[in-house]
Amino acid sequence: MTTSVQQISVPAGAPTEAAAVKVQTPFRRFLSDFFESGTAIAAFTVLLVIIFIAVVAPLISPTNPYDLAIVTVLDNRLPPGTRNLDGMTFWLGTDGAGRDLLSAIFYGLRTSLWVGVMSGLIALCIGGTIGLIAAYFGGRTDTLIMRIVDLQLSFPAILIALVLLAVLGKGVDKIIIALVAVQWAYYARTVRASALVERNKEYIEAAICLALGHRRIVFRHLLPNCLAPLIVVGTLQTAHAISLEATLSFLGVGLPITEPSLGLLIANGFEYMLSGRYWISFFPGVALLVTIVSINLVGDQLRDVLNPRLQR
Amino acid sequence: MSVFIIRRLLQSIVVVAVMSLLVFFAVNVVGDPVDMLINPEADQAEIEKTMRAFGLDRPVHEQYWFFLSNAVKGDLGKSFIFGEPALKLIVERMPATLELAFAALLLAVVIALPLGIYAGLKPDSKFSKTIMAGSILGFSLPTFWVGLMMIMVFAVMLGWLPSTGRGETTSLLGIQVSFLTWDGLRHLVLPALNLSLFKMSLTIRVARAATREVVHQDYIKFAHAKGLSSRRVILVHLLKNIMIPVVTVLGLELGGLIAFSVVTETVFAWPGMGKLVIEAIQNLDRPIIVAYLMITVLMFVTINLLVDVLYSVLDPRVRLQDVKA
């Protein structure tokens with residue numbers, strides 16, 4: 001994949017860029033392709049801001065929403081923009097327990113992103129390895145692994161996650177386990193599909209003829225050439241994981257009350273919704289939506305750029 | 001044809017057996033079976049009696065056999081909360097969930113299929129681009145949050161539609177349904193739309209992709225060339241040929257609709273089996289969880305089987321290939 005990118009001809013309508021293109025590395029080429037679309041730039045910027053907020057949440061939040069010394073029930077359910085007696089302004093209002101919603105959203109983003117990214121990475125490692133093994137060894141191993149993958153994918157993700165959480169209980173570690181169990185099959189299938197194509201190419205044959213170890217061939221030769229689809233699926237699956245975590249937490253089977261993600265914040269606001277206090281559910285939902293949409297848009301653009309068949 | 005069906009049927013039976021094994025191990029090996037099967041408030045004598053009744057004092061393989069033979073007889077234990085057989089409770093709530101799922105499926109076909117075909121026929125028009133942007137949004141929006149917003153806008157702010165429950169139901173062939181009364185229909189609209197949103201986005205994408213492929217085929221060009229109206233070309237020649245991917249996706253997604261109705265039912269307080277199982281998980285009412293799982297597994301396997309058979313009817317190449325292999 002990386003070698004073929006260099007050979008692709010320069011876009012016809014850009015003669016002035018010809019000099020610059022000569023020194024283009026595959027990575028630069030990828031960057032310029034990626035930032036060609038305005039939507040992708042916007043989505044990427046938003047995503048960076050969200051990640052930044054999540055990382056430095058304790059430093060930039062107006063208050064610590066889980067410090068019981070600061071939070072007072074007297075401030076509960078204030079509409080957005082209200083000032084309380086201490087002169088503190090709640091830009092997005094407060095929730096049922098008197099916590100500043102803006103701070104709660106910052107902390108919630110932190111939890112949601114952590115769960116999504118961690119589960120995505122672990123599932124990528126496990127699923128990727130299993131997919132590579134299936135494609136490399138083929139035969140019975142392949143059939144057995146793919147039967148399991150197909151069986152799992154024929155059941156909806158939410159059902160499998162619900163079952164696991166019903167057995168495991170609540171907690172950040174448990175929801176990560178459940179999300180990994182749900183997602184590994186997607187990675188395995190993706191990697192297997194591209195590894196099957198690579199498996200029959202000459203360089204793998206050459207590596208086998210050199211009598212290199214299986215592990216070396218799989219991870220040093222096969223894996224780097226299957227990375228592109230893996231990255232794309234990884235991005236889209238992370239968005240999916242964040243959404244699924246929020247759903248499970250909303251249903252009350254995901255995270256415990258002590259570590260509220262965005263889904264739990266939305267669930268907390270549900271009971272106030274019917275009395276017209278929309279903001280407690282609305283703003284965490286907007287934060288969740290912006291996160292998921294921006295990750296999906298970045299993932300879509302990655303797919304277009306990394307797919308060799310769509311190369312211009 | 002019958003070879004094909006028999007082979008698929010055998011595969012399905014294997015899947016059900018494997019799943020029953022997994023459910024059994026989830027309940028009996030990962031978790032403590034005494035915790036899971038016996039009411040936490042039971043006294044020692046009662047615990048021992050139940051342990052013997054479930055065969056928990058026997059080796060594991062005999063226990064599995066016990067579980068399986070009870071399950072085949074339709075005995076999946078009694079609910080701790082309701083004190084009634086778990087299977088009966090699930091089956092009682094099944095019509096509500098199925099009604100919701102089919103209503104959502106209907107909406108996806110009636111609304112999304114024409115939109116998808118339109119977007120495929122005129123990929124560059126503004127309206128098509130709006131449709132596709134909408135479908136991306138439909139993929140990204142978390143179902144439960146959309147449900148909340150629907151309640152906020154249509155029930156709280158505008159006051160047009162009710163937000164909870166099933167409304168008035170009437171009996172149709174002995175099953176309680178709500179779509180036959182005006183009140184029930186009003187209650188059905190928001191949950192069905194909410195549940196359908198994700199499937200609509202999916203249907204739009206599949207229909208658009210299939211249409212774009214089919215529209216350039218020679219037989220479509222020929223149909224135009226021999227002077228058929230575009231209406232007939234689209235409704236007969238095109239529609240027939242895009243139905244294979246659409247039926248596959250919709251059929252397989254029916255299982256997804258039933259599973260995802262857990263979310264919609266919780267948001268809209270729809271008295272279906274999804275709401276029952278969420279409450280059971282929160283109350284640790286294990287027999288209901290096990291019964292729900294076995295029923296849904298059975299449903300999924302049946303749906304997959306039916307889709308496969310339907311698929312082979314729509315596209316003879318599928319079954320011919322399978323028999324040859």
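Computed from heavy atoms alone, side chains included, the values below leave out hydrogens, waters and symmetry copies. Throughout, a chain's letter reflects where its sequence line sits, starting with A, and its residues are numbered from 1.
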Worksheet entry | Atom of A:P156, atom of B:G256 and distance for their closest heavy-atom approach | CG-CA, 3.7 Å
Chain A contact via [X] - side chain, backbone, both or neither, heavy atoms under 4.5 Å:
X: B:V267; result: both
X: B:I136; result: side chain
X: B:L141; result: both
X: B:L148; result: both

Fill in: Test item: B:Y292 and A:L159 side chains (from C-beta on) under 4.5 Å apart, heavy atoms
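Heavy-atom side-chain distance check passes, below 4.5 Å.
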Looking at [options], which one has more heavy-atom pairs under 4.5 Å with chain A than the rest?
options: B:P142, B:S140, B:A280; answer: B:S140
options: B:I289, B:V262, B:V301, B:I258; answer: B:V262
options: B:V277, B:V263, B:I303, B:L137; answer: B:V263

Discussion item. Would the distance check show the side chain of B:W145 and the main-chain N or O of A:S281 forming a donor-acceptor pair, the cut-off being under 3.5 Å?
Written reply: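 Checked: pair present.
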Which atoms of [X] approach chain B - backbone, side chain, both or neither, heavy atom under 4.5 Å:
X: A:L151; answer: side chain
X: A:A239; answer: neither
X: A:L164; answer: neither

Discussion item. I need the contact set between residues 286-295 of chain A and chain B: heavy-atom distance under 4.5 Å, sorted by residue number.
Written reply: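 So the qualifying residues are A:V286, A:L288, A:L289, A:I292, A:V293.
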Worksheet item: If you check every heavy atom in residues 138-147 of chain A against those of chain B, which residues fall under 4.5 Å?
Response: none
Worksheet item: So which of A:D300, A:L251, A:N296 has the biggest tally of heavy-atom pairs under 4.5 Å with chain B?
Response: A:L251
Worksheet item: Any chance CD of B:Q11 has more than 12 other-residue heavy atoms, nucleotides or ligands included, within less than 6.0 Å?
Response: yes
